[in-house]
J.: 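To start, I am sharing the structure in question, which I have written as structure tokens.
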Amino acid sequence: MRPLFHPRLINSDFGDPILFIPFLLEKRAVLFDLGDIHSLSSRDILKITHVFITHTHIDHFCGFDRLLRLFLGRDKIVYMYGPAGFLKNVEGKLAAYSWNLVDNFSNQFGFYLTEVHSKHLITNLYLCRDKFRPARPAEVKPFNSTLYEEPALSISTVVLDHSIPCLGFSIKEQFHVNIKKDALDSLGLETGPWLHEFKQALFNHRLPDSAFEIKSKKGISGKKKFILGDLAKQIAVITPGQKITYIADVVYNELNAEKIINFSKDSDHLFIEAAFLDKHKNIARTKNHLTARQAGTIAAMAGVKQFTVFHFSPRYAGQANLLHEEAHEAYGTGATS
Ligand SMILES: [Zn+2]
Ligand SMILES: [Zn+2]
């Protein structure tokens, strides 16, 4: 089975934390955190449609300028989400430049920003041609943990404590549709854009007895008609969807740990910060970070299938293995912290 999401941390264990998640066979990606993104190619950056920022400490947000620089002059709205104060943070970034020449731009580049509070969201649109001034008074909407949703997937958040509000994020596929190539061959069907329509029909819960037509490739006339449910039985294997969770910069306390465990429950892959070793847990507490042992314990208690620790303190340069080992030992033994 080829998964839909292909998450990868783009920097080293000691670099700025950024999780890049491209989608299989689609020219799009989402980003969790936006520190130094120079190790990401321009081609990959231009695939990004949605950016989710845990908090605006500089190591999580300093890549904003590179992203803005690459997208300027393009027809695109980039959707960005961040914690309390986020609109002011981005407005401050945008106010740092002179925009007197953008009146002549014919493109529609802009940011659609969402600021996350525990019970509501604040949103606004900032278009380049308006010199990035907010399009209207900010809108306030009720909020129930889902930030973004489309038929195939959703992205949700939880507000955590890092001495300031800090967001955790999960991306979840509704279910996974795997196409059986040999079944296509035996039905005389070729792959093509119709497969995307077919999957969308399933994600949109179209009635199984509805008709589904497959247009032949150009040059060959005719259409093949199927009943959606029959076709699905023949060519598709449907399995539970993937869940990827990202937690960066949180202090260890009972409430935070409980929230993270519930939020990341049964993730296929949990990415979780682990700045310090357990022998330095007092420093971790003062700096509002986790230890590797605490991260591994949380991963075990959440029942995640796989997890990766990252965002190590520079004091462990050359000793990254110690943090990986401590985390995996805690995960293996289900140690309590
Ligand atoms: Zn950080
Ligand atoms: Zn931080």
Side-chain angles (χ1 to χ4, degrees), residues 7-21 30-40 51-67 80-90 92-93 113-118 157-170 244-253 255-257 259-260 263-264 269-278 280-296 298-299 307-317 319-320 322-324 326-327:
R8 68 173 201 266
L9 291 164
I10 65 158
N11 292 324
S12 75
D13 292 332
F14 297 93
D16 287 357
I18 300 163
L19 188 69
F20 176 67
I21 312 179
V30 303
L31 201 64
F32 289 167
D33 271 340
L34 183 54
D36 183 346
I37 50 170
H38 281 90
S39 52
L40 205 54
V51 182
F52 298 83
I53 309 287
T54 56
H55 63 302
T56 49
H57 279 160
I58 194 163
D59 50 330
H60 298 253
F61 196 44
C62 65
F64 177 84
D65 280 17
R66 177 153 167 75
L67 184 122
M80 294 185 74
Y81 304 78
F86 187 58
L87 265 54
K88 280 272 169 285
N89 289 144
V90 179
K93 286 256 188 200
L113 302 184
T114 300
E115 180 173 309
V116 180
H117 295 256
S118 54
T157 191
V158 61
V159 182
L160 301 166
D161 178 12
H162 175 48
S163 77
I164 51 173
C166 183
L167 306 177
F169 302 111
S170 258
I244 310 291
T245 302
Y246 177 87
I247 303 292
D249 292 18
V250 283
V251 67
Y252 189 87
N253 61 39
L255 180 62
N256 245 8
K259 280 184 176 179
I260 300 166
F263 185 72
S264 53
H269 200 151
L270 168 66
F271 293 85
I272 183 163
E273 70 113 327
F276 294 93
L277 285 170
D278 208 57
H280 296 132
K281 69 175 168 199
N282 291 336
I283 303 174
R285 186 172 300 126
T286 346
K287 296 193 178 260
N288 294 285
H289 279 284
L290 295 179
T291 68
R293 186 165 187 254
Q294 290 161 345
I298 287 171
F307 81 106
T308 303
V309 285
F310 64 102
H311 204 12
F312 301 161
S313 160
R315 70 165 56 215
Y316 307 115
Q319 298 178 296
L322 295 182
L323 291 120
H324 288 291
E326 184 176 286

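Since the model is a prediction, treat every value here as computed from it, not as a measurement. Both ligands and their constituent atoms are indexed starting at 1 by order of listing.
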J.: Looking just at side-chain N and O atoms, do H60 and D33 make a donor-acceptor pair shorter than 3.5 Å?
T.: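 Yes, D33 and H60 have a side-chain donor paired with an acceptor closer than 3.5 Å.
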J.: How about H55: does one of its N, O or S atoms come closer than 2.8 Å to the Zn ion (ligand 2)?
T.: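 It does; at least one qualifying atom falls short of 2.8 Å.
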J.: What angle sits at the Zn ion (ligand 1) between OD2 of D249 and NE2 of H60, to 10°?
T.: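 That angle works out to 80° after rounding to 10°.
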J.: Are a donor atom and an acceptor atom from the side chains of H269 and T308 found within less than 3.5 Å of each other?
T.: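 Yes - a donor-acceptor pair under 3.5 Å links their side chains.
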J.: Within D59, is some N, O or S atom less than 2.8 Å away from the Zn ion (ligand 2)?
T.: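 False for D59.
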J.: When the ring planes of Y246 and F32 are compared, do they come out parallel, tilted or perpendicular, using 30° and 60° as the limits?
T.: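 Rings of Y246 and F32: tilted, 30 to 60°.
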J.: Once the angle between the rings of F61 and F64 is folded into 0 to 90°, is it parallel (under 30°), tilted (30 to 60°) or perpendicular (over 60°)?
T.: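 Rings of F61 and F64: tilted, 30 to 60°.
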J.: So what does the H162 NE2 - the Zn ion (ligand 2) - H57 ND1 angle come to, to 10°?
T.: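 Computed angle, vertex at the Zn ion (ligand 2), rounded to 10 degrees: 90°.
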